[in-house]
> 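Please find one structure pasted underneath; my questions will follow.
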Protein chains: 2
Amino acid sequence: MKYSKATNYALHTMLFLAKEATNKPVGVQQLAEMQDVSPTYLSKILTKLVKEGMINSVSGANGGYTLSRNWEDISFLDIIHAIEGKSSLFDCCLYNDPKCVIKEVMLSAEETLENELRNRKISDLVKK
Amino acid sequence: MKYSKATNYALHTMLFLAKEATNKPVGVQQLAEMQDVSPTYLSKILTKLVKEGMINSVSGANGGYTLSRNWEDISFLDIIHAIEGKSSLFDCCLYNDPKCVIKEVMLSAEETLENELRNRKISDLVKK
DNA sequence: CAATTAGAGACTTTACATATCTATAATAGC
DNA sequence: GCTATTATAGATATGTAAAGTCTCTAATTG
Ligand code: SF4
Ligand code: SF4
């Protein structure tokens with residue numbers, strides 16, 4: 001059980017875009033080089049962020065990616081969910097025993113984790 | 001990013017053993033049948049718990065597994081660590097930037113999760 | 001000794017993350 | 001309109017780890 005590299009790439013990209021105060025699009029070429037990953041693969045990851053409305057993409061020459069308007073609200077959890085999906089960390093083997101104690105513990109722990117990640121915004125890291 | 005099925009099997013086995021107040025060994029055959037998993041595979045998982053001192057094994061006829069003496073102290077985190085390993089959920093791609101903000105957020109969130117899981121003991125689920 | 005049980009190791013299968021390749025679509029600048 | 005540049009999409013390949021099987025060995029019971 002680990003966060004995927006794709007999540008790592010997405011977080012680093014978001015942080016970089018946030019640090020760039022400018023609105024000029026940043027090409028995937030540059031973003032990929034910084035992180036030592038292939039541009040086509042990173043592009044595929046960033047497309048997920050585009051579809052979730054976290055960043056915008058601009059085709060054509062001098063194109064690239066920019067943060068969306070509401071970027072200051074984007075949390076770590078948002079980014080993780082965009083890449084890893086939103087399904088629970090804990091897969092129950094049987095069907096929905098509602099008073100199952102194991103499930104209760106695991107889901108409540110996961111919720112604690114999500115709350116923490118929901119409160120941490122990319123924008124908080126930039127302001128200082 | 002998900003908890004493995006092996007973790008699920010380990011948790012269910014521990015809970016079952018805890019509910020069995022008796023000290024009689026329970027064979028892997030029976031444990032596996034309940035969880036619809038092959039005995040040899042489950043055996044491999046339970047051996048990890050034996051090595052961490054959470055359960056004891058008894059070979060030979062009428063053998064099986066019993067909880068260890070200190071079983072009331074065993075937390076969810078202990079079991080998860082025994083199966084999934086203890087390495088961090090977040091793999092940092094570069095080497096140890098100590099003031100890295102991303103790493104700081106991810107590790108602190110993970111610590112919150114671990115604290116919650118450390119406070120939940122198998123024995124708490126049985127007492128009621 | 002015979003039956004039963006856990007443990008160990010090699011191996012296979014499956015699933016998924018990671019990545020590559022190629023073709024298409026959109027845009028800028030000339 | 002033409003060309004270069006850039007993102008997007010889909011098919012495909014590779015790598016890795018989880019999940020599971022098979023077989024042999026060791027310990028214990030009776
Ligand atoms: S006991 Fe709980 S965790 Fe296990 S299968 Fe049933 S509902 Fe799921
Ligand atoms: S920026 Fe932080 S998370 Fe990223 S590689 Fe460096 S230390 Fe690791």
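Letters A, B, ... mirror the listed sequences (proteins, then strands); counts begin at 1.
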> Does anything in residues 2-18 of chain B pair up under salt bridge (charged side-chain N to carboxylate O under 4.0 Å, His left out), and if so which pairs, sequence neighbours excluded?
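Residue pairs passing salt bridge (charged side-chain N to carboxylate O under 4.0 Å, His left out), neighbours aside: A:Asp91-B:Lys2.
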> Residues two or more places apart in sequence or in another chain: which of them pass salt bridge (Lys or Arg N to Asp or Glu O under 4.0 Å) with B:Glu111?
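Expected list: none.
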> Is it possible for you to say whether A:Met106 and B:Phe16 belong to one hydrophobic cluster, with membership spreading through side-chain heavy-atom contacts below 4.5 Å?
yes
> Can you build the contact string for nucleotides 11-22 of chain D? Use B for base contact, S for sugar-phosphate-only contact, and - for no protein heavy atom under 4.0 Å.
B-------BBBB
> Taking salt bridge (Lys or Arg N to Asp or Glu O under 4.0 Å) as the definition, give me every residue that meets it alongside B:Lys44, ordered by chain and number, with sequence neighbours left out.
none
> Would you kindly give the CD-to-P distance between A:Gln29 and D:dT5, to the nearest whole Å?
11 Å
> Rounded to whole Å, please give me the gap between NZ in A:Lys48 and P in D:dG10.
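For the pair A:Lys48 NZ and D:dG10 P, the rounded distance is 14 Å.
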> Can you find a side chain N or O atom of A:Ser43 that sits less than 4.0 Å from OP1 or OP2 on D:dA7?
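So the side-chain polar atoms of A:Ser43 never come under 4.0 Å of the phosphate oxygens OP1 or OP2 of D:dA7.
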> Can you tell me which residue pairs pass the salt bridge (charged side-chain N to carboxylate O under 4.0 Å, His left out) test with a partner in residues 13-38 of chain A, sequence neighbours excluded?
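Listed once each, the pairs would be none.
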> My understanding is that only residues two or more places apart in sequence, or in another chain, count here; which of them pass side chain to side chain donor-acceptor pair (under 3.5 Å) with A:Ser57?
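Listed in chain order: nothing, the list is empty.
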> Return each pair, listed once, that meets side-chain hydrogen bond (donor to acceptor under 3.5 Å, both in side chains) where at least one residue sits in residues 65-74 of chain B; pairs must be two or more places apart or across chains.
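The answer is B:Ser68-B:Asn70.
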> Using the test side chain to side chain donor-acceptor pair (under 3.5 Å), find all partners of B:Glu110 that sit at least two apart in sequence or belong to another chain.
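So B:Glu110 forms a side chain to side chain donor-acceptor pair (under 3.5 Å) with B:Ser88.
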> For DNA chain C, note the earliest and the latest nucleotide, 5' to 3', having some atom under 4.0 Å of a heavy atom belonging to chain B.
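On DNA chain C, the outermost contacted nucleotides are C:dT4 to C:dA10.
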> List for me each residue that meets side chain to side chain donor-acceptor pair (under 3.5 Å) alongside A:Ser59, sequence neighbours excluded, and say none if there are none.
none
> Output all residues satisfying side chain to side chain donor-acceptor pair (under 3.5 Å) with B:Ser75, sequence neighbours left out; order by chain, then residue number.
B:Asp78
> Scan residues 50-65 of chain A against DNA chain C and write down, sorted by residue number, each residue with any heavy atom closer than 4.0 Å; if none is found, say none.
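When residues 50-65 of chain A is checked for heavy atoms under 4.0 Å from DNA chain C, the hits, listed by number, are A:Ser59, A:Gly60, A:Ala61, A:Asn62.
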